[in-house]
**Q** 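The structure's right below; bear with me while I get my questions together.
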Amino acid sequence: MTSIAIKLSKINADIRDAEIDAQRKLSSVQLLAVSKTKPADDIIKAYRAGQRQFGESYLQEALLKQQELSCYQICWHFIGPIQSNKTRQIAAHFSWVHSVDRIKIAKRLSEQRPCNLPPLNICLQVNISNEQSKSGFQLEELADAVEQVSRLANLKLRGVMAIPQPATDFEQQCKPYHRLYQAVTALNIPEMDTFSFGMTGDLKAAIAEGTTMVRIGTALFGRRLV
Ligand SMILES: *Cc1c(COP(=O)(O)O)cnc(C)c1O
């Protein structure tokens with residue numbers, strides 16, 4: 001089995017190669033290591049190899065790992081579905097939330113962000129494949145959502161997040177990202193400096209289409225059993 005450290009350096013090399021291919025600035029794409037369902041020990045291995053940003057999808061699991069890893073300088077990102085009754089803990093225990101998919105959730109996160117912490121970095125989740133099952137704002141709703149969320153005092157709107165319908169073909173992978181990138185750029189809001197898209201299966205397409213943060217689980221930690 002390849003070690004997590006070796007996989008991490010391979011992913012970072014893949015990111016750099018894709019940046020070069022896309023004529024993007026080096027290091028314009030950050031790696032978010034998605035550690036959901038994986039043990040704290042795996043996080044430590046990636047941490048020792050230099051990784052600092054970790055993404056989790058399940059709140060209770062994340063809180064347990066955070067306790068276990070409290071002496072490490074980890075920047076925690078919440079990337080999973082959000083129920084209203086979980087916002088208080090999410091607001092208190094994460095630096096970033098990528099999966100803000102309704103205004104109500106944004107309002108709660110802002111109200112519940114502890115006042116001793118800096119504003120919570122958030123991304124609006126956009127439904128770019130128009131799947132009924134995937135949550136998120138429609139592209140047409142984005143401008144209005146941005147306007148409403150920018151008024152929330154304890155949030156810092158950083159950008160958008162998307163999870164497209166899986167596709168294996170490079171061109172097909174590019175299409176939804178291209179549309180999203182164009183739509184957000186057209187809003188022309190300098191504070192929105194983050195595009196959170198690209199996973200293990202479509203990292204290259206995501207980087208070609210302008211992502212600034214790829215969320216990688218499988219390629220780093222191996223397949224998930226659940
Ligand atoms: C699990 C997950 C990922 C990581 O996906 P991989 O295909 O394992 O790289 C990325 N983003 C979100 C929102 C996830 O839930």
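Whatever order the structure lists ligands and atoms in, that order sets their numbers, starting from 1. What you see below is based on every heavy atom in this structure, not just the backbone, and it leaves out hydrogens, waters and symmetry mates.
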**Q** Contact between ligand 1 and Ser57 is defined here as a heavy atom of the residue under 4.0 Å from a ligand atom; is it met?
**A** yes
**Q** For residues 27-36, run the donor-acceptor check on the side chains, cut-off 3.5 Å, and write out each pair with its distance to 0.1 Å, sequence neighbours left out.
**A**
unit_1: Ser28; atom_1: OG; unit_2: Lys25; atom_2: O; d: 2.6
unit_1: Gln30; atom_1: OE1; unit_2: Gln53; atom_2: NE2; d: 2.5
unit_1: Ser35; atom_1: OG; unit_2: Glu56; atom_2: OE2; d: 2.7

**Q** Give the numbers and elements of all ligand 1 atoms closer than 4.0 Å to a heavy atom of Ile163.
**A** 13 (C)
**Q** Tracing side-chain links under 4.5 Å among I, L, V, M, F, W and Y, which residues wind up in one group with Ile20?
**A** Leu26
**Q** Can you confirm whether Arg88 is buried at CZ, in the sense that more than 12 heavy atoms of other residues, nucleotides or ligands lie under 6.0 Å from that atom?
**A** no
**Q** If you take all heavy atoms of Glu61 and Thr37, which pair is closest and at what distance?
**A** OE2-N, 2.6 Å
**Q** What protein heavy atom is closest to atom 9 (O) of ligand 1, reported as residue, atom name and distance in Å?
**A** Thr200 OG1, 2.5 Å
**Q** Identify the protein heavy atom lying closest to atom 14 (C) of ligand 1, giving its residue, its atom name and the separation to 0.1 Å.
**A** Lys36 NZ, 2.9 Å
**Q** Taking distance alone, with N or O pairs closer than 3.5 Å, would you say Gly201 contacts ligand 1?
**A** no
**Q** How are the rings of Phe94 and Phe78 set relative to one another: parallel (under 30°), tilted (30 to 60°) or perpendicular (over 60°)?
**A** perpendicular
**Q** Does the side chain of Ser99 pick up a donor-acceptor pair with the side chain of Gln125 at under 3.5 Å?
**A** no
**Q** Once you round to the nearest 0.5 Å, how far does CD of Glu209 lie from CZ of Phe195?
**A** 11.0 Å
**Q** To which of Gln125, His77, Met199, Met161 does the heavy atom nearest atom 3 (C) of ligand 1 belong?
**A** Met199
**Q** Report yes or no: do Leu109 and Leu117 belong to one cluster of Ile/Leu/Val/Met/Phe/Trp/Tyr joined by side chain heavy-atom distances under 4.5 Å?
**A** no
**Q** Within a distance under 4.0 Å of any heavy atom of Ile79, pick out the atoms of ligand 1 and give their elements.
**A** 11 (N), 12 (C), 13 (C), 14 (C)
**Q** Taking 4.0 angstrom as the limit and counting only heavy atoms of Ile216, give me the atoms of ligand 1 inside it, by number and element.
**A** 9 (O)
**Q** I need the nearest protein heavy-atom contact for atom 11 (N) of ligand 1: residue, atom name and distance, please.
**A** Arg215 NE, 2.8 Å
**Q** With a cut-off of 4.0 Å, which atoms of ligand 1 are near a heavy atom of Thr218?
**A** 6 (P), 7 (O), 8 (O), 9 (O)
**Q** Within the structure, is a non-hydrogen atom of Arg224 found at a distance of less than 4.0 Å from ligand 1?
**A** yes
